[in-house]
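To start, the structure itself, in structure tokens.
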Amino acid sequence: MSATADETSLADTLLDAGEGEVLPLWLITDTALPAWLASQPAATGAWLRAHGFQGEKGRVVHIPAPDGTLAGVVAGLGANAEPDPWCGAALAALLPVNRYVLRTLLRNDAATQFVLSWLLGGYSFARYRSGTPARRARLVAPSAADIPYARSAAGALNWARDLINAPPNDFGPQELADAALTLVQRHGGTSRIVMDEALRTGYPLIAAVGRGSPRAPRLIDCRWGAEHVPRVTLVGKGVCFDTGGLDIKPSAGMSLMKKDMGGAACVLALARLLLEMRAPIQLRVLIPAVENSVDGEAFRPSDVWLSRKGLSVEIGNTDAEGRLVLADALADADSDNPDLLVDLATLTGAARVALGPELPAAFSNSEELLGQLYRCAMEEGDPLWPMPLWAGYDDHFSSSVADIGNVAAGGFGGAIIAALFLKRFVTACPQWLHVDLYAWNPRDRPGRPLGAEAHGVRALYSLIRRRYG
């Protein structure tokens, strides 16, 4: 079965009020439990006491009706006044297939997060599986929640997950370009795909990295929006599979390299969310789409290539290819001097060693901007961590034969050094963010199944909307 980069066919698990019979769902803190029990039938209190329910976080009890059918559900929050960000996903997975209405009043932001996590809890990558997807519990959309945002965010995030999860035999540079063009067709933008001689002369580092694969490299350039509004440019690393090139990875290091285009997938998800929610910006998306493979044409260690910016780069290791393709794309983006320039990339293992798989590393040439992003990330439950562009490491990628090398001589500070390499290609734009992410869940949890993850999308969406409306 051939997979394409289309969005997930995700069953809509939200109902409008009045669509048939529904069961009540209560979220109860341990301190609120006595007052709530006083408002319920005596049989409900007896049932919960018989089960030892004390409002413990994560505890779920089904309340029976006199005829033995389900009458409602109570879920404990522990001492938390609001549900945790993934409570909705956990309940969507645990509850029997039925229709539910949330009887607990939540703040608007908490209600929105509950709905979003409920929707994300329904995700699975089933394109290559036979059989019919299992039915899931459905929820009446709470009136306090921002339902248009929750639907759009869930759709965008699950689309990115689909792109990252797609196997590399069915998803290469062409398919990544097709995914970007679906957004252009849907939202009335313009597009430009740079390939062949135009790529070799205009974006030589992108061409060099992709020259070892029969699947041709390309630069994807898409634009939306009117003039005279804030300009935001997003750049995503689109290495559709990374063998490491001639500095080939061991099999363990290569097994997840279909996700090396995770930065591009997250950029497309962010662009989709901004477009669907009609953010008042002029949006540009740049994706260098390549496969880093091995044949007689593959670029080599000790090669020297001229970048789009005019800096010559000595290749110290062909497995440090992501920073090369980003360098040419960032140089193009920077030459436009947008109001905000953001790049997303599965760039370094060093960031994972420092922060683990769930916490992307964020860098910026503006401390104020980095602080704003951090606050948005924490509020949205889409965490990342600020990291320094430490100037003391700026000479670590020096070269005796070229302007710079693509790797450092030592093995320390790899995420910082990679960010400093990219900074050489961002010289005009004073508002630049670089996010080094993993784009993968290494363990299975409600709403975050084992496999692809769209890190940073909600945090960046919040940042852009707060800055530009």
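Side-chain contact annotation: Thr348 with Asp436, donor-acceptor N/O pair under 3.5 Å present. Judged purely by distance below 3.5 Å, without hydrogens or angles, the side chains of Ser462 and Arg466 pair a donor atom with an acceptor atom. Under the 3.5 Å distance criterion, with hydrogens and angles disregarded, no donor-acceptor pair is assigned to the side chains of Asn165 and Tyr128.
Minimum heavy-atom separation, Ser191 to Leu181: OG-CD2, 3.3 Å. Between Val325 and Val239 the shortest heavy-atom distance is CG2-CG2, 4.4 Å. Nearest approach of Leu384 to Ala377, heavy atoms of both residues: CG-CB, 3.7 Å. In plain terms, the two heavy atoms of Ser117 and Phe114 that are nearest each other are OG-O, 3.0 Å. Val229 approaches Pro280 most closely through the heavy-atom pair CB-O, 3.9 Å. Taking each heavy atom of Leu437 and Gly262 in turn, the nearest pair found is CD1-C, 4.4 Å.
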Report task. In sequence, state the C-alpha distance, the side-chain angles, and the governing distance for Asp332 and Val235, and then conclude on side chain to side chain contact (heavy atoms under 4.5 Å, CB included). Result -> CA-CA 10 Å; Asp332 185 351; Val235 178; over 6 Å; no
Query raised in the report: Do Arg223 and Gln282 pass the side chain to side chain donor-acceptor pair (under 3.5 Å) test, and can you show the C-alpha distance, the side-chain angles, and the key distance before you say yes or no?
Result: CA-CA 8 Å; Arg223 297 174 187 255; Gln282 185 182 135; 4.7 Å; no
Query raised in the report: Would Arg272 and Glu276 satisfy salt bridge (Lys or Arg N to Asp or Glu O under 4.0 Å), going step by step from the backbone distance to the final call?
Result: CA-CA 6 Å; Arg272 170 174 162 169; Glu276 288 187 358; 3.1 Å; yes
Report task. List the steps and the verdict of side chain to side chain contact (heavy atoms under 4.5 Å, CB included) for Leu286 and Leu234. Result -> CA-CA 6 Å; Leu286 285 165; Leu234 309 176; over 6 Å; no
Requested in this report: Give the intermediate values and the outcome of side chain to side chain contact (heavy atoms under 4.5 Å, CB included) for residues Val232 and Asp339.
Outcome: CA-CA 6 Å; Val232 175; Asp339 296 285; 5.8 Å; no
Query raised in the report: Can Leu433 and Asp343 be said to form a side chain to side chain contact (heavy atoms under 4.5 Å, CB included), step by step?
Result: CA-CA 6 Å; Leu433 285 165; Asp343 76 80; over 6 Å; no
Report task. With side chain to side chain donor-acceptor pair (under 3.5 Å) as the test, would you mind laying out the steps for Thr112 and Asp146 before giving the verdict? Result -> CA-CA 5 Å; Thr112 301; Asp146 184 345; 5.6 Å; no
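A heavy-atom distance below 4.5 Å is found between the side chains of Asp242 and Lys249. Looking at heavy atoms from C-beta onward, Leu373 lies out of side-chain contact with Ser364 at the 4.5 angstrom threshold. Contact annotation: the side chain of Phe125 approaches that of Asp162 to within less than 4.5 Å [non-hydrogen atoms, C-beta and beyond]. Residues Phe171 and Leu163 have side chains in contact (heavy-atom distance under 4.5 Å, counting atoms from C-beta outward). For the pair Leu119 and Leu139, the minimum side-chain heavy-atom distance is 4.5 Å or more. For the pair Val342 and Leu340, the minimum side-chain heavy-atom distance is below 4.5 Å. Under the 4.5 Å side-chain criterion, counting only non-hydrogen atoms from C-beta, Leu27 is in contact with Leu91. At least one side-chain heavy atom of Leu176 sits less than 4.5 Å from a side-chain heavy atom of Ile220.
The side chain to side chain contact (heavy atoms under 4.5 Å, CB included) with Trp224 is formed by just one residue from the set Thr190, Leu275, Leu274; it is Leu275.
One N or O on the side chain of Ser366 and one on the backbone of Leu369 form a donor-acceptor pair closer than 3.5 Å. Side chain of Glu379 to main chain of Cys376: no donor-acceptor pair is present (N/O by atom type, distance under 3.5 Å, no hydrogens or angles). Of the possible donor and acceptor atoms, one in the side chain of Arg458 sits under 3.5 Å from a partner among the backbone N and O of Glu380. Between the side chain of Asp334 and the backbone N or O of Cys429, at least one donor-acceptor pair lies under 3.5 Å. Remark: side-chain polar atoms of Glu56 are paired, donor with acceptor, to backbone N or O of Gln54 under 3.5 angstrom. For Arg59 (side chain) and Val74 (main-chain N/O), no donor-acceptor pair under 3.5 Å exists by modelled atom type. Side-chain atoms of Arg135 never come within 3.5 Å of backbone atoms of Asn98 as a donor-acceptor pair (strictly under, hydrogens ignored). A distance-only check finds no donor-acceptor pair linking the side chain of Asp336 to the backbone of Pro338 [under 3.5 Å]. Lys258 places no side-chain N or O within donor-acceptor distance of the main-chain N or O of Pro167, the cut-off being under 3.5 Å.
The existence of a salt bridge linking Asp30 and Lys57 is excluded, since no basic side-chain nitrogen approaches an acidic carboxylate oxygen closer than 4.0 Å. Of the charged side-chain nitrogens involved, at least one lies within less than 4.0 Å of a carboxylate oxygen, so that Arg284 and Asp221 count as a salt-bridged pair.
Tyr438 contributes atom OH, which lies 8.0 Å from atom CZ of Arg352 (distance to the nearest 0.5 angstrom). From Ile416, atom CD1 reaches atom CE of Met387 across 5.0 Å, with rounding to the nearest 0.5 Å. For the atom pair CG (Leu23) and CZ (Arg103), the distance works out to 10.0 Å, reported to the nearest 0.5 Å. With rounding to the nearest 0.5 angstrom, the CD1 atom of Ile193 is 7.5 Å from the CG atom of Leu219. Taking CE of Met261 as the reference point, atom SG of Cys240 lies at 6.0 Å (rounded to 0.5 Å). Here the OG atom belonging to Ser152 is positioned 10.5 Å from the CG atom belonging to Leu116, to the nearest 0.5 angstrom.
Using a 30° and 60° split on the angle between ring planes, Trp432 and His434 fall in the parallel class, below 30°.
The side chain to side chain donor-acceptor pair (under 3.5 Å) test applied to Arg107 returns Glu82, Asp109, not counting sequence neighbours.
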Per-pair distances, 0.1 Å, donor-acceptor, side chain in residues 444-457, under 3.5 Å, sequence neighbours excluded:
{"residue": "Asp444", "atom": "OD1", "partner": "Leu450", "partner atom": "N", "Å": "3.2"}
{"residue": "Arg445", "atom": "NH1", "partner": "Glu358", "partner atom": "OE2", "Å": "3.3"}
{"residue": "Glu453", "atom": "OE1", "partner": "Arg161", "partner atom": "NH2", "Å": "3.0"}
{"residue": "Glu453", "atom": "OE1", "partner": "Asn441", "partner atom": "ND2", "Å": "2.8"}
{"residue": "Glu453", "atom": "OE2", "partner": "Arg161", "partner atom": "NE", "Å": "3.3"}
{"residue": "Glu453", "atom": "OE2", "partner": "Arg161", "partner atom": "NH2", "Å": "3.3"}
{"residue": "His455", "atom": "ND1", "partner": "Ala439", "partner atom": "N", "Å": "3.2"}

Kindly list each side-chain donor-acceptor pair under 3.5 angstrom involving residues 31-51, sequence neighbours excluded, with atom names and distances?
{"residue": "Thr31", "atom": "OG1", "partner": "Thr29", "partner atom": "OG1", "Å": "3.4"}
{"residue": "Ser39", "atom": "OG", "partner": "Trp36", "partner atom": "O", "Å": "2.6"}
{"residue": "Trp47", "atom": "NE1", "partner": "His62", "partner atom": "O", "Å": "2.9"}
{"residue": "His51", "atom": "ND1", "partner": "Trp47", "partner atom": "O", "Å": "2.9"}

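Aromatic ring centres of Tyr461 and Tyr149 lie closer together than 6.0 Å.
Counting non-hydrogen atoms of other residues, nucleotides and ligands closer than 6.0 Å to NZ of Lys423 gives a total of 12 or fewer.
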